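Bear in mind that the values here come from a model prediction, so they are computed numbers and not experimental data. Start at 1 with the first residue, then count along the sequence.
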Amino acid sequence: QVQLVESGGGLVQAGGSLRLSCAASGRTFSSYAMGWFRQAPGKEREFVAAISRSGGKTYYDDSVKGRFTISRDNAKNTVYLQMNSLKPEDTAVYYCARGDYSGSLYYIPGREALYDYWGQGTQVTVSS
């Protein structure tokens with residue numbers, strides 16, 4: 001059983017920065033792509049960013065491109081989301097998730113349904 005634990009959320013003013021972390025249990029972290037999603041109150045969960053198992057490929061939603069950076073440290077079983085220039089509309093619960101297995105070092109799941117393990121989420125609140 002894989003466990004994902006997010007941390008690093010909090011309250012920040014618009015224009016500020018936060019760095020989220022997601023620590024994974026198990027010995028197979030480096031075999032899977034990882035993603036970050038978010039869910040704002042009253043809205044559906046949406047994709048934010050993803051990174052391939054090797055870290056060599058990343059993908060972002062247009063709403064965060066240029067402001068957020070996803071990275072991973074396979075030696076520490078951890079994926080990160082550096083969030084800069086935060087906006088009030090970034091306010092949400094942020095979740096990390098593990099993608100389905102692929103032998104490719106550069107594979108990134110194309111649909112939310114292809115992520116099979118999820119963390120409990122961490123709240124990010126951006127004040128105006």
- Message: More than 12 heavy atoms of other residues, nucleotides or ligands under 6.0 Å from NZ of Lys43: yes or no?
- Response: no

- Task: With Arg72 as the cation and Phe29 as the aromatic partner, state whether NZ or CZ is under 6.0 Å from the six-membered ring centre and within 45° of the axis.
- Result: yes

- Distance, nearest 0.5 Å, that separates OG of Ser17 from CE of Met83: 8.5 Å

- Message: Please determine whether the number of non-hydrogen atoms from other residues, nucleotides or ligands lying under 6.0 Å from atom CD of Gln120 exceeds 12.
- Response: yes

- Query: Leu18 versus Val124: any side-chain heavy-atom pair under 4.5 Å?
  - Reply: yes

- Note on the structure: In terms of heavy-atom contacts, Leu20 and Trp36 come closest through CB-CH2, 3.7 Å

- Query: Mind checking what makes ring-ring contact (aromatic ring centres under 6.0 Å, His included) contact with Phe47, not counting sequence neighbours?
  - Reply: Phe37, Tyr59

- Item | Inter-residue atom distance Tyr107.OH - Arg53.CZ, 0.5 Å rounding | 12.0 Å

- Could you tell me whether a side-chain N or O of Thr78 sits under 3.5 Å from a main-chain N or O of Lys76, the two making a donor and an acceptor? yes

- Task: Using distance alone, with no hydrogens and no angle criterion, decide if Glu89 and Thr91 have a side-chain donor and acceptor under 3.5 Å apart.
- Result: no

- Task: Would you kindly confirm whether Tyr117 and Leu114 end up in one hydrophobic cluster when ILVMFWY residues are joined by side chain heavy atoms under 4.5 Å apart?
- Result: no

- Approximate separation, where rounding is to 0.5 Å, of Ile108 CD1 and Ser102 OG: 11.0 Å

- Message: I need the minimum non-hydrogen distance between Ser128 and Ala14, along with the two atoms involved.
- Response: CA-CB, 4.4 Å

- Residues that Ser85 engages under side chain to side chain contact (heavy atoms under 4.5 Å, CB included), provided they are two or more places apart: Arg67

- Query: Does Lys87 pair with Asp90 as a salt bridge, N-O distance under 4.0 Å?
  - Reply: no

- Item | Main-chain N/O of Gly121 paired with Glu6 side-chain donor or acceptor, under 3.5 Å | yes

- Note on the structure: Those residues at least two apart in sequence (or on a different chain) that pass ring-ring contact (aromatic ring centres under 6.0 Å, His included) with Tyr101 are Tyr32

- Determine whether the side chains of Asp73 and Tyr80 contain a donor N or O and an acceptor N or O closer than 3.5 Å. no

- Would you find a donor on one side and an acceptor on the other, under 3.5 Å apart, between the side chain of Thr125 and the backbone of Leu11? no

- Task: Check the pair Asp61 / Glu46 against side chain to side chain contact (heavy atoms under 4.5 Å, CB included), numbers first and verdict last.
- Result: CA-CA 9 Å; Asp61 183 77; Glu46 63 179 13; 5.8 Å; no

- Item | hydrophobic_cluster_shared for Tyr95 and Val48, side chain cutoff 4.5 Å | no

- About how many Å separate OG1 of Thr69 and CZ of Arg19, when rounded to the nearest 0.5 Å? 10.5 Å

- Message: For the CD atom of Glu44 and the CZ atom of Arg38, what is their distance to the nearest 0.5 Å?
- Response: 14.0 Å

- Do Ser52 side-chain atoms and Lys57 backbone N/O form a donor-acceptor pair below 3.5 Å? yes

- Message: Using 0.5 Å steps for rounding, measure from the CD atom of Gln39 to the OH atom of Tyr94.
- Response: 12.0 Å

- Message: Here's a test for you: under side-chain contact (heavy atoms from CB on, under 4.5 Å), which of Ile70, Leu4, Leu81 qualifies with Met34?
- Response: Leu4

